[in-house]
Amino acid sequence: MRKFIVLIFLSFFSFTPLFAQVSQYRLYTADSLFEAKRYTQALSKYEGVLQNNEYTPAMLLKMAYIHEGLGNIAKTQYFLNLYFLSTNDASALDKIAELAVKHNLRGYEDAGVVGQIIMMIQENVKQIIFVLAGLLMLSMAWLARAKRKTKRPVGPVIAVLLCIVFILNGFFGISKEETAIIAQPNTYLMSGPSAGSDLIDIVDAGHKLTITGKKDVWLEARLDGQTVYVKQEKLMLLTL
């Protein structure tokens, strides 16, 4: 819970722009209920705001906090992941990884590692910009030198550009894979997109899957490196 309190406090100072125009009155009402520790009533109000595709990062974090208090770890992980998607706050990944270990949840093995990578990038922004600027200056110098010698240094320039693309990709997004969290207990993981397929496993809520495809009401996903099929109604897609 202490980590949640710190995250909620920091979320108020986030410079991340809102992705939707939130109804100020409804959000104010929900926040007032939260401050009064009337958490279930606040949660109901927050859910109403979210149903209209309106939210703030602080709101998502408070919803995660409430769900953890209610013992709903699947929803806790869901809203923590949404909070991370809206802020790229690496400290949220630490909490996600901690809950996954505590509750034996699968699919979060890289959460702590990704968090450390993102935090490292965020803490070394100036150095990264310096390296990018140096690479750009180096490529320009190569081009200028080649122009004087009437040569085309295609190889070195391409190498520099690839380095720049690699660094920018690491800075702006570690992974763009679509993911989802199992919402219901006793969810069947099947070997194919039909009820007649072989049963692979029966899992509880909270595990995280990587979505790789869709067929009718079934989503093809990957869990622990294995391809499985799950009915879409059993999942909470991690998207804003």
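Just so we're clear, the structure is a prediction, and the values are computed from it rather than from any experiment. We use all heavy atoms of the structure for the numbers below, so side chains are in, but hydrogens, waters and symmetry mates are not. We number each residue from 1, following the sequence as shown.
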*Asks:* Are L99 and L105 packed together at the side-chain level, in the sense that at least one heavy-atom pair is separated by less than 4.5 angstrom?
*Replies:* no

*Asks:* What is the ring orientation for H67 with F79, classed by angle as parallel under 30°, tilted 30 to 60°, or perpendicular over 60°?
*Replies:*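 Judged by the thresholds at 30° and 60°, the geometry between H67 and F79 is parallel.
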
*Asks:* Within a strict 4.5 Å, meaning less than it, do heavy atoms of the W218 and M190 side chains meet?
*Replies:*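 In contact.
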
*Asks:* For G206 and Y108, which heavy atoms make the closest approach, and how far apart are they?
*Replies:* O-OH, 2.6 Å

*Asks:* Is any side-chain heavy atom of T187 less than 4.5 Å from a side-chain heavy atom of H207?
*Replies:*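 When only atoms from C-beta onward are counted, H207 and T187 do not touch, as no gap falls below 4.5 Å.
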
*Asks:* Can you check whether S91's main-chain N or O pairs, donor with acceptor, with D89's side chain at less than 3.5 Å?
*Replies:* yes

*Asks:* May I ask whether L189 and L219 are part of the same hydrophobic cluster, defined by side-chain heavy atoms of I, L, V, M, F, W, Y residues being less than 4.5 angstrom apart, directly or through others?
*Replies:*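 Yes, same cluster.
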
*Asks:* What residues form a side-chain hydrogen bond (donor to acceptor under 3.5 Å, both in side chains) with T227, not counting sequence neighbours?
*Replies:* none

*Asks:* Are the side chain of S44 and the backbone of Q41 linked by a donor-acceptor contact shorter than 3.5 Å?
*Replies:*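 Between the backbone of Q41 and the side chain of S44 there is no qualifying donor-acceptor contact (under 3.5 Å).
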
*Asks:* Contact between K208 and N81 at the side-chain level, heavy atoms closer than 4.5 Å - yes or no?
*Replies:*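 A side-chain contact under 4.5 Å exists here.
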
*Asks:* Contact between T76 and I66 at the side-chain level, heavy atoms closer than 4.5 Å - yes or no?
*Replies:* no

*Asks:* Could you tell me whether E178 and K214 make a salt bridge, using a distance below 4.0 angstrom between a side-chain N and a carboxylate O?
*Replies:* no

*Asks:* Before giving the answer on side-chain contact (heavy atoms from CB on, under 4.5 Å), spell out for E109 and D224 the whole-Å C-alpha distance, their side-chain angles and the decisive distance to 0.1 Å.
*Replies:* CA-CA 9 Å; E109 290 77 16; D224 297 336; 4.1 Å; yes

*Asks:* How close do L240 and L85 get, heavy atom to heavy atom, and via which atoms?
*Replies:* CD1-CB, 4.0 Å

*Asks:* Could you walk me through whether T29 and S32 satisfy the side chain to side chain donor-acceptor pair (under 3.5 Å) test, starting with their C-alpha distance in whole Å, then the side-chain angles of each, then the deciding distance to 0.1 Å, before giving a yes or no?
*Replies:* CA-CA 5 Å; T29 302; S32 298; over 6 Å; no

*Asks:* Answer yes or no: is there a side-chain heavy-atom contact under 4.5 Å between F34 and L43?
*Replies:* no

